[in-house]
Asker: 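One structure follows; several queries about it will come next.
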Amino acid sequence: MPSPPTPTFWHDVWALVRTIPPGRVTSYGTVGAMLGSPRLARAVGWALHALPPGTDVPWQRVINARGRISFRGDDIRGMEQELRLRAEGVEFGPDGAVDWSRFGWPARGGD
DNA sequence: ATAATGACTGAAT
DNA sequence: AATTCAGCCATTA
């Protein structure tokens, strides 16, 4: 079902990101994997980069595979994202890394 | 159609 | 541990 060509790619990414519950975080690779391939990470990042301001997509809940914010250069956005995640209830470790097994999404069955 | 870029990822140096 | 190289996919020129 979700496997249309490219133009709708962004739409799929945003739709998936919208399904991320608050207090949870996921990685570009995970989102890409849900869309078809874990290597879509770059395309996913590109899709979020194209997000308009005032969007309803919680792009802040999407971070890199290490549970950290990477961005390249836009540190302002990165700090904003961290603050937003904290407001959602996400805790950052000593390195500023998120506990994937605790706030990662999809959430583990147990808990 | 080809080349270059990018909010990624993993392995190599 | 930090930096660099290379692979992958979608978008833009």
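Sequence lines set the chain letters: A, B, ... in the order given, protein chains first and strands last, and positions in each chain run from 1. Excluded from the calculations below are hydrogen atoms, water molecules and symmetry mates; all remaining heavy atoms, backbone and side chain alike, are included.
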Asker: Given atom NE2 of A/His49 and atom C1' of C/dC9, what is their separation to the nearest angstrom?
Answerer: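 Whole-Å distance recorded here is 17 Å.
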Asker: In residues 55-64 of chain A, which ones come under 4.0 Å of DNA chain B, going by heavy atoms?
Answerer: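 Those residues are A/Trp59, A/Asn64.
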Asker: Check side chain to side chain contact (heavy atoms under 4.5 Å, CB included) between A/Ala43 and all other residues, then give those that pass, not counting sequence neighbours.
Answerer: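 Applying side chain to side chain contact (heavy atoms under 4.5 Å, CB included) to A/Ala43 gives A/Phe9, A/Leu40.
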Asker: Could you check how far CZ of A/Phe71 sits from P of B/dG6, rounded to whole Å?
Answerer: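 For the pair A/Phe71 CZ and B/dG6 P, the rounded distance is 15 Å.
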Asker: Using ring centroids (six-membered ring only for Trp), state whether A/His11 and A/Trp14 fall under 6.0 Å.
Answerer: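 A/Trp14 vs A/His11: aromatic centres not under 6.0 Å.
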Asker: Got a sec, which pairs hit salt bridge (Lys or Arg N to Asp or Glu O under 4.0 Å) with one end in residues 44-54 of chain A, sequence neighbours left out?
Answerer: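 Qualifying pairs: none.
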Asker: Tell me every residue that passes side chain to side chain donor-acceptor pair (under 3.5 Å) with A/Ser27, counting only those two or more places apart in sequence or in another chain.
Answerer: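 Here the qualifying residues are A/Thr30.
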Asker: List for me each residue that meets side chain to side chain donor-acceptor pair (under 3.5 Å) alongside A/Glu91, sequence neighbours excluded, and say none if there are none.
Answerer: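 If we apply the side chain to side chain donor-acceptor pair (under 3.5 Å) test to A/Glu91, skipping adjacent residues, there are no hits.
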Asker: A/Arg84: what forms a side chain to side chain donor-acceptor pair (under 3.5 Å) with it, not counting sequence neighbours?
Answerer: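 Testing A/Arg84 for side chain to side chain donor-acceptor pair (under 3.5 Å), a comparison that skips the adjacent residues, returns A/Gln60.
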Asker: Below 3.5 Å between N/O atoms, which protein atoms pair up with nucleotides 6-8 of chain C? Just atom names and distances, please.
Answerer:
residue, atom, partner, partner atom, Å
C/dG7, O6, A/Arg42, NH1, 2.7
C/dG7, N1, A/Arg42, NH1, 3.4

Asker: What is the distance from CZ of A/Phe9 to C1' of C/dA10, rounded to the nearest Å?
Answerer: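 Between C1' of C/dA10 and CZ of A/Phe9: 7 Å.
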Asker: Could you tell me the separation between the CH2 atom of A/Trp10 and the C1' atom of B/dA7, rounded to a whole number of Å?
Answerer: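 It is 13 Å, rounded to the nearest whole Å.
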Asker: Indicate, with a heavy-atom threshold strictly under 4.0 Å, whether A/Leu48 touches base, sugar-phosphate, or nothing.
Answerer: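 Base contact.
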Asker: I need the NE2-P distance between A/His11 and C/dT11, as an integer number of Å.
Answerer: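 Going from A/His11 (NE2) to C/dT11 (P), I get 14 Å.
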Asker: Using atom types as modelled, flag every donor-acceptor pair under 3.5 Å from a side chain in residues 94-106 of chain A to any protein atom, sequence neighbours excluded.
Answerer:
residue, atom, partner, partner atom, Å
A/Asp99, OD1, A/Ser101, N, 3.2
A/Asp99, OD1, A/Ser101, OG, 2.7

Asker: If you define the side chain from C-beta out and look only at heavy atoms, does anything of A/Thr26 sit under 4.5 Å from A/Val31?
Answerer: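 They are in side-chain contact.
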Asker: If you check every side-chain atom of A/Gln81, which of C/dT11, C/dA10, B/dA7 has the closest atom?
Answerer: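 The answer is B/dA7, which lies nearest to the side chain.
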Asker: So which one's nearest nucleotide on DNA chain B is more toward 5', A/Pro38 or A/Ala43?
Answerer: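 Here A/Ala43 is the residue nearer the 5' end.
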Asker: Any salt bridge (Lys or Arg N to Asp or Glu O under 4.0 Å) involving residues 19-35 of chain A? Give me the pairs, sequence neighbours left out, ordered by first then second residue.
Answerer: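 Passing the test, one end in residues 19-35 of chain A: no pairs.
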Asker: Tell me every residue that passes side chain to side chain donor-acceptor pair (under 3.5 Å) with A/Arg39, counting only those two or more places apart in sequence or in another chain.
Answerer: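 None.
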Asker: Using a strict heavy-atom distance below 4.0 Å, which residues from residues 90-97 of chain A are in contact with DNA chain B?
Answerer: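 Result for residues 90-97 of chain A: none.
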Asker: Can you tell me the distance, in whole Å, between the CG atom of A/Leu85 and the C1' atom of B/dA7?
Answerer: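 For the pair A/Leu85 CG and B/dA7 C1', the rounded distance is 13 Å.
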Asker: From OH of A/Tyr28 over to C1' of B/dT9, roughly how many Å is that when rounded to an integer?
Answerer: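 Distance, rounded to whole Å: 12 Å.
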Asker: Please output the side-chain donor-acceptor pairs of residues 50-59 of chain A that fall under 3.5 Å, not counting sequence neighbours, one pair per line with the distance.
Answerer:
residue, atom, partner, partner atom, Å
A/Thr55, OG1, A/Val57, N, 3.2
A/Asp56, OD1, A/Arg18, NE, 3.4
A/Asp56, OD1, A/Arg18, NH2, 3.2

